[in-house]
> 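The structure that follows is given in the form of structure tokens.
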Number of protein chains: 2
Amino acid sequence: MPQPSAQRRGRPPRISREEIVEAARRLVDEEGVAKLTMRRLATQVGSTPMALYHHVRDKEELLVLLLDDYAARTLRRPDLPADPRERVIVVAAAIREALAGCPWIVEVLTADDLMSESALWFNENIVDGLIECGLTPEQAVHAYRAIWYYTAGEMLVRAASARRRARDDRPTYRDRVFAALDPAALPRLSALGTRWAPLTAEDTYLDGLRALVDGLIARAAG
Amino acid sequence: MPQPSAQRRGRPPRISREEIVEAARRLVDEEGVAKLTMRRLATQVGSTPMALYHHVRDKEELLVLLLDDYAARTLRRPDLPADPRERVIVVAAAIREALAGCPWIVEVLTADDLMSESALWFNENIVDGLIECGLTPEQAVHAYRAIWYYTAGEMLVRAASARRRARDDRPTYRDRVFAALDPAALPRLSALGTRWAPLTAEDTYLDGLRALVDGLIARAAG
DNA sequence: ACCTGAACACCGTTCAAGT
DNA sequence: ACCTGAACACCGTTCAAGT
């Protein structure tokens, strides 16, 4: 068992965990998550791939570290309105805004649930707002969960379409399908026709969020 | 330009698109998406990796093909209740049930939005139910979108936690954090304590869905 | 038209050795 | 204790050639 205190022994470290995470963040910001590989990152910090494994267990851990770093650095706590229902809206919208700013986070979010310790303030305030609206603590956790599903889904779906648009700009399979529907079988979609695409491209996150929160509070009360 | 009709020329094909998709489905069902590689798939159909590229453009296209195949094969159309609100619930729940049965679909869903042509019946009926509840077509599309975000998010988050549970069963970072919270800073979460984990593990999809649909209809009316 | 072989440009990670 | 080099066991895809 190594001595935790006392003078440190052995070869002094040349790279630190912080240095690695910082380089990873730069790499992701400049070239995208796809370019974040252990080998690239190693050359970025002026070392070898295997030196990294002395500071992080594997790539997965590195991604979680990166998520924590991002959360601590960019989650700005909003001013809280007095009205508890509005508080829930404002806090959820703040989470969403932070996520929208970095689509790469998707990969990590589906690898580890929600966020780091520094994000718990957001959980706390959503749950608190819901309880003040009359939910029991249990109902509040379930309602929080529903809000998180909605928020995560919006971000994931939106990030995916953005990626697809960036890749190829052929008129999308979907558009072609919608342009030639059978009005007898699918009357509503046919009537919508080419309006479907622009309508689904609109940002209606807040409207949906308000509807969801209203519904959650009403159901818990009734 | 090649002749589409007339007698076919050149070497006869030894593998077909269908055969490839079928083998891919088997591979994914038996070993998981991670094991679906062009090389593995090639040996599975008794051919070489490059033969596949004669039938599908790239791996991405193969995944979309696989999604279509899955949709056509397992999306069972539910009986539609007379009440339009209940219709929306039933159809959304059917989509969710189909998705829950195959977590690998996550990768493809975030690669291409929603589903294949055979899934449009579901879109149609959700939009129709919403319009019959009094929404304008535009509101109905936006409401459909909100339902899709919620449903996709639920599935993605749930699939991610399942994957994590399957990998390592250490008491999860999250549990440890929740066991030692500062009650002054985070009173609600502290009070919940260890109940957080089991509460968020409960399946409350339908409750959240009903709340969302109620809220969407109420907001559109008001 | 359809398939093959060899090659390119990569991955994450392990293992044994060096300082 | 920390780092290196070489190697393992893979990837998706391109290109030139064969039948």
Side-chain angles (χ1 to χ4, degrees), chain A residues 1-21 23-24 27-28 31-66 104 107-108 111-112 163 167-168, chain B residues 1-21 23-24 27-28 31-66 104 107-108 110-112 163-164 167-168:
Chain A
M1 213 168 177
Q3 293 283 83
S5 65
Q7 64 288 59
R8 300 197 283 131
R9 317 282 244 82
R11 192 167 167 172
R14 286 152 59 110
I15 51 175
S16 67
R17 227 169 136 105
E18 289 77 45
E19 210 179 330
I20 291 172
V21 172
L27 222 167
V28 165
E31 313 203 49
V33 228
K35 291 291 168 73
L36 176 61
T37 69
M38 299 304 267
R39 287 158 193 270
R40 263 184 133 82
L41 182 55
T43 67
Q44 206 73 197
V45 300
S47 187
T48 64
M50 282 323 298
L52 302 179
Y53 284 89
H54 223 271
H55 300 268
V56 301
R57 188 152 61 97
D58 52 18
K59 196 182 177 182
E60 174 94 25
E61 190 183 83
L62 177 66
L63 287 173
V64 174
L65 250 30
L66 210 51
W104 62 265
E107 335 270 303
V108 192
D112 192 0
R163 230 179 310 146
R167 216 181 22 240
D168 48 19
Chain B
M1 213 164 176
Q3 293 284 81
S5 66
Q7 62 289 60
R8 300 196 283 131
R9 320 280 244 85
R11 190 168 170 173
R14 287 151 59 110
I15 51 173
S16 67
R17 227 168 135 104
E18 289 76 46
E19 209 178 332
I20 291 172
V21 172
L27 223 167
V28 165
E31 313 203 49
V33 228
K35 291 290 169 72
L36 176 61
T37 70
M38 300 303 267
R39 288 159 192 269
R40 263 184 132 82
L41 182 55
T43 68
Q44 206 72 195
V45 300
S47 186
T48 63
M50 282 322 299
L52 302 180
Y53 284 88
H54 222 270
H55 300 268
V56 301
R57 191 153 60 95
D58 52 19
K59 196 181 176 182
E60 173 95 23
E61 190 182 83
L62 177 65
L63 287 172
V64 174
L65 249 32
L66 210 51
W104 62 265
E107 335 270 304
V108 192
T110 58
D112 192 359
R163 230 179 309 144
R164 200 172 48 260
R167 216 181 22 239
D168 48 18

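Numbered from 1 within each chain, the chains take letters A, B, ... in sequence-line order. Since the structure is predicted, the reported quantities are computational estimates derived from the model, not experimental observations.
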> What nucleotide among C/dC11, C/dG12, D/dG12 has an atom nearest to a side-chain atom of B/Thr37?
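For B/Thr37, the side-chain atoms sit closest to D/dG12.
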> Hey, could you give me the CG/CD distance between A/Leu66 and A/Glu61, rounded to the nearest 0.5 Å?
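Rounded to the nearest 0.5 Å, the CG-CD separation comes out at 12.0 Å.
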> Measure the spacing between CG of B/Leu52 and NZ of B/Lys59 and express it to the nearest 0.5 Å.
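Reported to 0.5 Å precision, the distance equals 11.5 Å.
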> For C/dC2 and D/dA17, measure between their C1' atoms and round to the nearest Å.
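So the two C1' atoms sit 13 Å from each other.
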> Would you compute the distance between atom CD of B/Glu19 and atom CD of B/Gln44 and round it to the nearest 0.5 angstrom?
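With rounding to 0.5 Å, CD (B/Glu19) is 11.5 Å from CD (B/Gln44).
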> Looking at the side chain of A/Lys59, which of C/dG12, C/dC8, D/dC2 is the nearest nucleotide?
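In terms of side-chain proximity for A/Lys59, the closest of C/dG12, C/dC8, D/dC2 is C/dG12.
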> State the OH-OG1 distance between A/Tyr53 and A/Thr48, to the nearest 0.5 angstrom.
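A/Tyr53 atom OH to A/Thr48 atom OG1 measures 11.0 Å (nearest 0.5 Å).
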> Given atom CD of B/Glu19 and atom C1' of C/dC2, what is their separation to the nearest angstrom?
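It works out to 14 Å between those atoms.
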> In whole angstroms, how far is the C1' atom of D/dG12 from the CD atom of B/Glu61?
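Atom CD in B/Glu61 sits about 15 Å away from atom C1' in D/dG12.
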> Considering only heavy atoms from C-beta outward, does the side chain of A/Val56 approach that of A/Met38 to under 4.5 Å?
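Yes, side chains in contact.
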> Could you give the distance separating C/dA7 and D/dC11 at their C1' atoms, to the nearest angstrom?
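Rounded to whole Å, the distance is 14 Å.
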> I need the CD1-C1' distance between A/Ile15 and D/dC2, as an integer number of Å.
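Distance, rounded to whole Å: 9 Å.
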> Once you round it to whole Å, what is the distance between P of C/dC10 and CE of B/Met38?
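So the two atoms are 20 Å apart, to the nearest Å.
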> In whole Å, what is the span from the CG atom of A/Asp58 to the P atom of C/dT14?
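Nearest whole value for this atom pair: 8 Å.
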> Atom CZ of A/Arg40 and atom C1' of C/dA9: how far apart are they, to the nearest Å?
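So the two atoms are 11 Å apart, to the nearest Å.
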> Whole angstrom is fine here: how far is it from CG in A/Leu63 over to P in C/dG12?
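For the pair A/Leu63 CG and C/dG12 P, the rounded distance is 10 Å.
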> In whole Å, what is the span from the CG atom of B/Leu36 to the C1' atom of D/dC11?
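In whole Å, D/dC11 C1' lies 12 Å from B/Leu36 CG.
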> Which heavy atom of B/Glu31 sits nearest to which heavy atom of B/Lys35, and what is that distance?
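The pair with the smallest heavy-atom distance is O-CG, 3.4 Å.
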> Which parts of residues 41-56 of chain B get close to DNA chain D, meaning a heavy atom less than 4.0 angstrom away?
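Of all residues in residues 41-56 of chain B, the ones placing a heavy atom under 4.0 Å from DNA chain D are B/Met50, B/Tyr53.
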> Counting any heavy atom closer than 4.0 Å, what does B/Arg14 reach on the DNA or RNA strands: base, sugar-phosphate only, or nothing?
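Counting heavy atoms under 4.0 Å across all strands, the contact made by B/Arg14 is with sugar-phosphate only.
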> Want to know the stems of DNA chain D: at least 3 consecutive Watson-Crick or G-U pairs with distances under 3.5 Å, which are they?
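Stem list for DNA chain D: C:4-8 with D:12-16, C:12-16 with D:4-8.
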> Of the non-hydrogen atoms in B/Pro49 and B/Ala42, which two are nearest, and what is the gap between them?
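Residues B/Pro49 and B/Ala42, closest heavy atoms: N-CB, 3.3 Å.
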> Would you say B/Leu36 and B/Trp104 make side-chain contact, with heavy atoms under 4.5 Å?
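B/Leu36 vs B/Trp104: side chains apart.
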> Taking the side chain as everything from C-beta on, heavy atoms only, tell me whether A/Leu41 gets closer than 4.5 Å to A/Leu62.
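Side chain of A/Leu41 against side chain of A/Leu62, heavy atoms only: contact under 4.5 Å found.
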